[in-house]
Colleague: 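One structure is given below, represented as structure tokens, and several questions about it will come after.
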Amino acid sequence: VKAFRQAGPHELKAGFAVQRDDLTFQEIVRPYIQYVGRSDGGPYQDRGAFRDFFTYSPVSGTAYFRDKIEYGSMIASLGVRWDFFLQDTKDLEQTLINDDRGGTIFGDRQKISPRIGFSYPISDKAKVYFNYGHFFQQPALLYMYQRNTASANQNDVLGNPNLDYQKTIQYSFGVKYAMSETYSVDVQGYFKDEFDKINSTRIREESGVYIQRYRNSDYGRSRGLELTIEKRGSGYVNGSLSYTYAFANGKASQTNTNYL
């Protein structure tokens with residue numbers, strides 16, 4: 001659902017969305033081996049070194065509001081976004097008990113992220129602009145629920161239903177200059193920091209068993225500079241030429257880097 005309204009210099013936008021994901025997962029690993037774990041309700045009960053059968057229907061959604069303000073030659077954009085995630089804690093807690101894995105299940109998560117942007121001319125040929133925002137990404141559902149119905153040992157990477165959103169803080173600053181009526185140059189620097197990236201880690205459960213489980217444990221950062229020359233408005237050929245210099249570093253390059 002979206003809404004729009006113009007109120008003088010204010011361009012107002014708002015909206016919200018809600019969705020339910022129906023996730024059904026069925027897996028039998030090495031079916032030629034006899035399965036000796038607990039019953040999971042799936043087919044071929046005596047087959048498989050590891051088995052994973054589950055069905056979950058979590059609910060997620062978002063709501064946002066943005067105010068674009070034009071005051072003279074200055075343009076500003078102020079916004080905020082709310083993300084939420086809901087899951088059934090009763091079924092998950094029973095599953096952990098059956099797998100000899102204790103702990104508390106978080107039934108919901110919610111995040112609020114601000115978004116800010118503005119541009120302002122510093123002459124009749126040049127303008128500066130700035131953008132800043134927080135962004136949240138929900139973990140893949142398999143990272144949350146994977147192997148939660150199998151009799152797991154320390155060689156499995158188990159899902160973690162308490163995984164939180166992955167967070168990114170991104171901001172950029174640039175200058176755009178009109179060299180002529182048809183050519184312009186744009187120089188922009190950007191910065192991006194990522195937190196709560198997902199990786200596997202070895203932990204000791206309440207039962208005393210050591211397992212591998214997904215956790216929000218990693219981070220990363222990137223920096224970059226971009227130069228763009230653009231031609232438009234006359235002749236038969238228009239286009240742009242850009243050059244980007246960027247570098248990035250972080251604690252890990254993939255989800256299972258810490259797998260033992």
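Given the structure is predicted, the values throughout are model-derived calculations rather than measurements. Computed over heavy atoms, backbone and side chain alike; hydrogens, waters and symmetry mates excluded.
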Colleague: Let me check something: do V29 and I33 share a hydrophobic cluster, defined by ILVMFWY side-chain heavy atoms less than 4.5 Å apart, either directly or through other members?
Modeller: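 They do not share one cluster, since no chain of ILVMFWY contacts under 4.5 Å joins V29 to I33.
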Colleague: Is the shortest heavy-atom distance from the side chain of T244 to the side chain of L225 under 4.5 Å?
Modeller: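 No. Closest side-chain heavy atoms not under 4.5 Å.
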Colleague: Is a donor on one side and an acceptor on the other found under 3.5 Å between the side chain of D21 and the backbone of L23?
Modeller: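 No, because the side chain of D21 does not come within donor-acceptor range (under 3.5 Å) of the backbone of L23.
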Colleague: Same hydrophobic cluster for V59 and Y64, using side-chain heavy-atom links shorter than 4.5 Å among ILVMFWY?
Modeller: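 In one cluster: no.
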Colleague: Output the distance between atom CD (Q45) and atom OH (Y35), rounded to the nearest 0.5 Å.
Modeller: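 Rounded to the nearest 0.5 Å, the CD-OH separation comes out at 8.0 Å.
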Colleague: Taking salt bridge (Lys or Arg N to Asp or Glu O under 4.0 Å) as the definition, give me every residue that meets it alongside D164, ordered by chain and number, with sequence neighbours left out.
Modeller: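 Checked D164 against salt bridge (Lys or Arg N to Asp or Glu O under 4.0 Å); matches are K111.
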Colleague: Just how far is it from atom OG of S57 to atom CG of L86, taken to the nearest 0.5 Å?
Modeller: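 The distance works out to 12.5 Å.
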Colleague: With a 4.5 Å cut-off on side-chain heavy atoms, are V1 and F16 touching?
Modeller: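 Yes, side chains in contact.
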Colleague: Centroid separation under 6.0 Å, is that true for the rings of Y214 and Y143?
Modeller: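 Yes - the distance between ring centres of Y143 and Y214 falls below the 6.0 Å cut-off.
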Colleague: Pairs of donor and acceptor atoms involving the side chains of residues 117-125, under 3.5 Å and at least two apart or interchain, shall be tabulated with distances.
Modeller:
unit_1	atom_1	unit_2	atom_2	d
S123	OG	K125	N	3.2
S123	OG	A126	N	3.2

Colleague: Who passes side-chain hydrogen bond (donor to acceptor under 3.5 Å, both in side chains) against R20, sequence neighbours left out?
Modeller: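 Residues passing side-chain hydrogen bond (donor to acceptor under 3.5 Å, both in side chains) with R20: D22.
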Colleague: What about Y190 and Y243, same hydrophobic cluster or not, with Ile/Leu/Val/Met/Phe/Trp/Tyr joined at side-chain heavy-atom distances under 4.5 Å?
Modeller: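 No: no chain of side-chain contacts under 4.5 Å links Y190 to Y243.
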Colleague: Quick check: is Y177 connected to I229 through a chain of hydrophobic side chains (ILVMFWY, heavy atoms under 4.5 Å apart)?
Modeller: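 Shared cluster, yes.
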Colleague: Would you say the side-chain atoms of R51 pair up with the backbone N or O of P43, donor to acceptor, closer than 3.5 Å?
Modeller: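 A pair under 3.5 Å: yes.
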Colleague: Going by the rule side-chain hydrogen bond (donor to acceptor under 3.5 Å, both in side chains), which residues pair with D196 if we only count those two or more places apart in sequence or in a different chain?
Modeller: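 Counting only residues at least two positions away or on another chain, D196 forms no side-chain hydrogen bond (donor to acceptor under 3.5 Å, both in side chains).
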Colleague: Can you tell me how far the CZ atom of F53 sits from the CD atom of E27, to the nearest 0.5 Å?
Modeller: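 Those atoms lie 8.5 Å apart.
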Colleague: So, do V80 and S113 sit near enough that their side-chain heavy atoms are less than 4.5 Å apart?
Modeller: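 Of all side-chain heavy-atom pairs linking S113 with V80, none is under 4.5 Å.
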Colleague: Under the ring pair (Phe, Tyr, Trp, His ring centres under 6.0 Å) test, which residues partner F84, sequence neighbours left out?
Modeller: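 Expected list: W82.
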Colleague: Using only heavy-atom distances, determine whether the side chains of Q188 and D186 contain a donor-acceptor pair under 3.5 Å.
Modeller: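 No.
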Colleague: Count the heavy atoms belonging to other residues, nucleotides or ligands that lie under 6.0 Å from CZ of F4, then report whether that count exceeds 12.
Modeller: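 Correct, the count exceeds 12.
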Colleague: Can you confirm whether more than 12 heavy atoms, excluding those of E181, are under 6.0 Å from its CD atom?
Modeller: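 12 or below, so no.
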Colleague: Please verify the inter-ring angle class for Y171 with Y132; under 30° counts as parallel, over 60° as perpendicular, anything in between as tilted.
Modeller: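 Correct class here is tilted.
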Colleague: Please walk me through it: do R213 and S200 pass side chain to side chain contact (heavy atoms under 4.5 Å, CB included)?
Modeller: CA-CA 5 Å; R213 189 170 70 180; S200 59; over 6 Å; no
Colleague: Report the residues that fulfil salt bridge (Lys or Arg N to Asp or Glu O under 4.0 Å) with R223, sequence neighbours left out, ordered by chain and then residue number.
Modeller: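 Result, salt bridge (Lys or Arg N to Asp or Glu O under 4.0 Å) vs R223: D193.
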Colleague: If you look at every heavy atom in R232 and N238, which pair is closest and at what distance?
Modeller: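 Between these two residues, the closest heavy atoms are CA-OD1, 2.8 Å.
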Colleague: With clusters built from Ile, Leu, Val, Met, Phe, Trp and Tyr whose side-chain heavy atoms come within less than 4.5 Å, directly or transitively, what are the remaining members of the cluster of I75, listed by chain and number?
Modeller: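 Members other than I75 - counting any ILVMFWY side chain reachable under 4.5 Å - there are none.
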Colleague: Can F65 be reached from I116 by stepping across I, L, V, M, F, W or Y side chains whose heavy atoms are under 4.5 Å apart?
Modeller: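 I116 does not cluster with F65.
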Colleague: Run the ring pair (Phe, Tyr, Trp, His ring centres under 6.0 Å) test against Y183 and tell me which residues pass, sequence neighbours left out.
Modeller: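 Once residues adjacent in sequence are excluded, Y183 has no partner under the ring pair (Phe, Tyr, Trp, His ring centres under 6.0 Å) criterion.
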Colleague: Would you call Q87 and R109 a side-chain contact if the rule is heavy atoms closer than 4.5 Å?
Modeller: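 They are in side-chain contact.
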Colleague: Do S184 and K176 come within less than 4.5 Å of each other through their side chains, counting heavy atoms only?
Modeller: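 In contact.
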Colleague: Answer yes or no: is there a side-chain heavy-atom contact under 4.5 Å between F135 and R115?
Modeller: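 F135 reaches R115 side chain to side chain.
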Colleague: To the nearest 0.5 Å, tell me how far F85 CZ sits from T62 OG1.
Modeller: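 Taking CZ in F85 and OG1 in T62, the distance rounds to 14.5 Å.
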Colleague: With distance as the sole test, does Q6 use its side chain to make a donor-acceptor pair with the main-chain N or O of G8 at under 3.5 Å?
Modeller: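 A pair under 3.5 Å: yes.
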Colleague: For residues 1-16, pull every pair meeting salt bridge (Lys or Arg N to Asp or Glu O under 4.0 Å), keeping only residues two or more places apart or in separate chains.
Modeller: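 Every pair satisfying salt bridge (Lys or Arg N to Asp or Glu O under 4.0 Å) with a residue in residues 1-16: E11-R66.
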Colleague: Please assess Q146 against D52 for the test side chain to side chain contact (heavy atoms under 4.5 Å, CB included), listing each intermediate value before the final yes or no.
Modeller: CA-CA 7 Å; Q146 189 174 18; D52 198 8; 4.1 Å; yes
Colleague: How would you list, by chain and number, every residue that makes a ring pair (Phe, Tyr, Trp, His ring centres under 6.0 Å) with F25, sequence neighbours excluded?
Modeller: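 Ring pair (Phe, Tyr, Trp, His ring centres under 6.0 Å) check on F25 returns F54.
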Colleague: Does the side chain of L163 come within less than 4.5 Å of N216's, by heavy atoms?
Modeller: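 Side chain of N216 against side chain of L163, heavy atoms only: contact under 4.5 Å found.
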Colleague: Does K192 have any salt bridge (Lys or Arg N to Asp or Glu O under 4.0 Å) partners at least two apart in sequence or in another chain, and if so, which?
Modeller: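 Salt bridge (Lys or Arg N to Asp or Glu O under 4.0 Å) list for K192, sorted by chain: empty.
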Colleague: Are the side chains of L78 and I69 in contact, using a 4.5 Å heavy-atom criterion?
Modeller: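 Yes - at least one pair of side-chain heavy atoms lies under 4.5 Å apart.
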Colleague: Determine whether N249 and R221 satisfy the following criterion, side chain to side chain contact (heavy atoms under 4.5 Å, CB included), listing intermediate values before the conclusion.
Modeller: CA-CA 6 Å; N249 56 69; R221 61 175 52 183; 3.1 Å; yes
Colleague: I'd like to know if the side chain of K231 and the backbone of S240 have a donor-acceptor N/O pair within less than 3.5 Å.
Modeller: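 A pair under 3.5 Å: no.
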Colleague: Rounded to the nearest 0.5 Å, what separates atom CG in N199 from atom CG in D218?
Modeller: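 Taking CG in N199 and CG in D218, the distance rounds to 4.5 Å.
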Colleague: Would you say the side-chain atoms of Q110 and Y165 include a donor-acceptor pair closer than 3.5 Å?
Modeller: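 No, because no side-chain N or O of Q110 sits under 3.5 Å from a partner of the opposite role on Y165.
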Colleague: Would V185 and T228 satisfy side chain to side chain contact (heavy atoms under 4.5 Å, CB included), going step by step from the backbone distance to the final call?
Modeller: CA-CA 6 Å; V185 59; T228 302; over 6 Å; no
Colleague: Give me each pair satisfying salt bridge (Lys or Arg N to Asp or Glu O under 4.0 Å) with a member in residues 67-85, each pair once, sequence neighbours excluded.
Modeller: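 As it turns out, the salt bridge (Lys or Arg N to Asp or Glu O under 4.0 Å) pairs with a partner in residues 67-85, which skip direct neighbours, are R81-D83.
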Colleague: Within this structure, what is the CZ-OH distance for the pair F195 and Y219, rounded to the nearest 0.5 Å?
Modeller: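 Output value for this atom pair is 10.0 Å.
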